[in-house]
**Q** 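Let me give you the structure first, and then I'll get to my questions.
The first residue of the sequence shown is numbered 1, and numbering continues consecutively from there. The structure displayed is predicted, hence computed values, not measured ones.
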Amino acid sequence: MRVMHALVTDHTIYSCVMGSRAFGLDTEASDTDRRGVYVAPTALFWGFDKPPTHVEGPAPEQFSWELERFCELALRANPTVLECLHSPLVEHTDERGRELLALRGAFLSRLANRTFTGYADAQRAKSDAAVARTGTPNWKQVMHLMRILESARDLLRTGVLTLAVGDRRGELLAVRRGELPWPEAERRLNGLRDELEAAAARTALPAEPDRARVEDFLIRVRRASAAATG
C-alpha cells in the first residue's frame, strides 16, 4: 500500500476537489472529495507486474487515476472523469497537468449525451423506486440529478462543461431539504430530460473525441519518463 500511495504523493500531475464543493452545493457537513491523476514511471510497465490503474488514498476521500486509464475513461465520456477535468477547484498541477487541462476540448464529443443521459436515467430510476416504495425520494439524490441534467444540457448546447451551479445554489439546496413537492420535482426532472434531448439533437460537439491528439500527449509523457530514468 505504501508503494501505491507513493505513486500519488510523488507522481501526481493534477489534483482537484470534486463533489459538492466543486458544484457549489456544499454545506458545513460536506466532505472534501479529492481526485487526481498520476503518471506511473515508464520503467514500471516493463516487468510482469504493472502499476495500478488507480489508487485510493493516502488522504481520506482521495482517489487518483493513472494517466492512461484517466485518458481512456475521458475519451469514453465517463461523466465522473470529465467533471474531474473541469473542476473549478484545482489544488495542484505541473507542466504535464497543465497540458492535460489544455486538452479538455479533445475529450468532448457527442458520446457525452449517451453517458450523461445513462447516468441520469439510472439515478432517476432509483428516485422513482424510492417514491414507489416509501412515498418520498432521496432528496439529495434528486438535487444532484437536477444538477447533472442541467450540466449535460448546457454542455451539449455550448460545448462547455460547467460544474458550479452559481445562482442556482439556493434553489437546489431547497430541493435537497425536501422543500419541493415530489410532483413538482418530477415535472422539473421531466422538463430537464426533454431539454437534454433537444440539445443533443442540435449539438455542435463532434461525433468522436480527438483520440489521436490525446494519444500523442500520452506517448510524449511516457517517453519523457523513460528518458528521465535512463
Side-chain angles (χ1 to χ4, degrees), residues 16-27 29-35 54 56 61-63 65 70 72-89 107-158 160-201 203 205:
C16 66
V17 173
M18 283 298 300
S20 295
R21 296 189 185 281
F23 306 141
L25 294 170
D26 53 298
T27 66
S30 295
D31 294 327
T32 299
D33 299 319
R34 289 184 165 86
R35 300 293 179 265
H54 62 270
E56 293 190 40
E61 310 300 332
Q62 183 179 16
F63 186 97
W65 296 268
F70 184 85
E72 288 175 344
L73 292 172
L75 287 169
R76 297 176 197 166
N78 177 283
T80 299
V81 171
L82 287 183
E83 288 187 337
C84 179
L85 265 178
H86 292 79
S87 172
L89 303 178
F107 293 104
L108 297 179
S109 72
R110 291 177 213 163
L111 294 176
N113 176 45
R114 174 175 56 81
T115 56
F116 277 79
T117 297
Y119 177 82
D121 287 349
Q123 296 302 305
R124 176 62 187 273
K126 291 180 181 178
S127 292
D128 289 345
V131 172
R133 186 174 63 254
T134 68
T136 185
N138 178 322
W139 286 109
K140 180 179 179 180
Q141 189 176 64
V142 172
M143 176 191 72
H144 283 296
L145 177 53
M146 289 183 178
R147 180 202 65 78
I148 201 166
L149 285 169
E150 292 172 357
S151 180
R153 176 201 62 195
D154 294 344
L155 167 61
L156 294 169
R157 285 177 175 175
T158 68
V160 177
L161 181 58
T162 302
L163 269 62
V165 300
D167 59 10
R168 295 271 291 134
R169 171 182 165 86
E171 184 177 345
L172 288 169
L173 288 178
V175 172
R176 176 175 177 164
R177 293 190 297 267
E179 296 175 4
L180 193 69
W182 171 244
E184 174 61 18
E186 189 175 33
R187 184 189 67 79
R188 291 190 191 181
L189 289 172
N190 291 339
L192 286 170
R193 187 64 171 76
D194 291 342
E195 291 173 8
L196 177 57
E197 289 187 6
T203 186
L205 286 175

**Q** Could you work out, with side chain to side chain donor-acceptor pair (under 3.5 Å) as the rule, every residue matching R35, not counting sequence neighbours?
**A**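 Partners of R35 by the side chain to side chain donor-acceptor pair (under 3.5 Å) criterion come out as none, since no residue qualifies.
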
**Q** Under the salt bridge (Lys or Arg N to Asp or Glu O under 4.0 Å) rule, what pairs show up with a residue in residues 172-186, not counting sequence neighbours?
**A**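 For residues 172-186: R124-E186, R177-E179, E184-R187, E184-R188.
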
**Q** Going by ring-ring contact (aromatic ring centres under 6.0 Å, His included), name the pairs with one or both residues in residues 121-147, residues two or more places apart or in two chains.
**A**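 Pairs touching residues 121-147 that pass the test: F23-H144.
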
**Q** Indicate yes or no: does E150 engage R153 in a salt bridge with an N to O separation below 4.0 Å.
**A**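 So E150 does not pair with R153 through a salt bridge.
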
**Q** Please determine, by modelled atom types, if R21 and S30 share a side-chain donor-acceptor pair under 3.5 angstrom.
**A**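 No donor-acceptor contact under 3.5 Å links the two side chains.
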
**Q** Taking side chain to side chain donor-acceptor pair (under 3.5 Å) as the definition, give me every residue that meets it alongside Q62, ordered by chain and number, with sequence neighbours left out.
**A**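 Result, side chain to side chain donor-acceptor pair (under 3.5 Å) vs Q62: none returned.
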
**Q** Applying side chain to side chain donor-acceptor pair (under 3.5 Å), name anything that partners T115, two or more places apart in sequence or on another chain.
**A**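 Once residues adjacent in sequence are excluded, T115 has no partner under the side chain to side chain donor-acceptor pair (under 3.5 Å) criterion.
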
**Q** Considering residues at least two apart in sequence or located in another chain, which fulfil the side chain to side chain donor-acceptor pair (under 3.5 Å) criterion with T203?
**A**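 T203 satisfies side chain to side chain donor-acceptor pair (under 3.5 Å) with no residue once adjacent residues are dropped.
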
**Q** What pairs with F107 under ring pair (Phe, Tyr, Trp, His ring centres under 6.0 Å), at least two apart in sequence or on another chain?
**A**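 Result, ring pair (Phe, Tyr, Trp, His ring centres under 6.0 Å) vs F107: none returned.
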
**Q** Suppose we screen for side chain to side chain contact (heavy atoms under 4.5 Å, CB included). Which residues come up paired with D121, at least two apart in sequence or across chains?
**A**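 T117, R193.
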
**Q** Under the side chain to side chain donor-acceptor pair (under 3.5 Å) rule, what pairs show up with a residue in residues 73-85, not counting sequence neighbours?
**A**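 Found E83-R147.
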
**Q** Taking ring pair (Phe, Tyr, Trp, His ring centres under 6.0 Å) as the test, write out the residues that go with Y119, two or more places apart.
**A**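 So Y119 forms no ring pair (Phe, Tyr, Trp, His ring centres under 6.0 Å) with any residue.
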
**Q** Can you list everything that forms a side chain to side chain contact (heavy atoms under 4.5 Å, CB included) with D31? Sequence neighbours excluded, please.
**A**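 Scan of D31 (side chain to side chain contact (heavy atoms under 4.5 Å, CB included), adjacent residues dropped) gives D33, E61.
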
**Q** For residues 134-145, which residue pairs qualify under salt bridge (Lys or Arg N to Asp or Glu O under 4.0 Å), counting only residues two or more places apart or in two chains?
**A**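 Passing the test, one end in residues 134-145: no pairs.
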
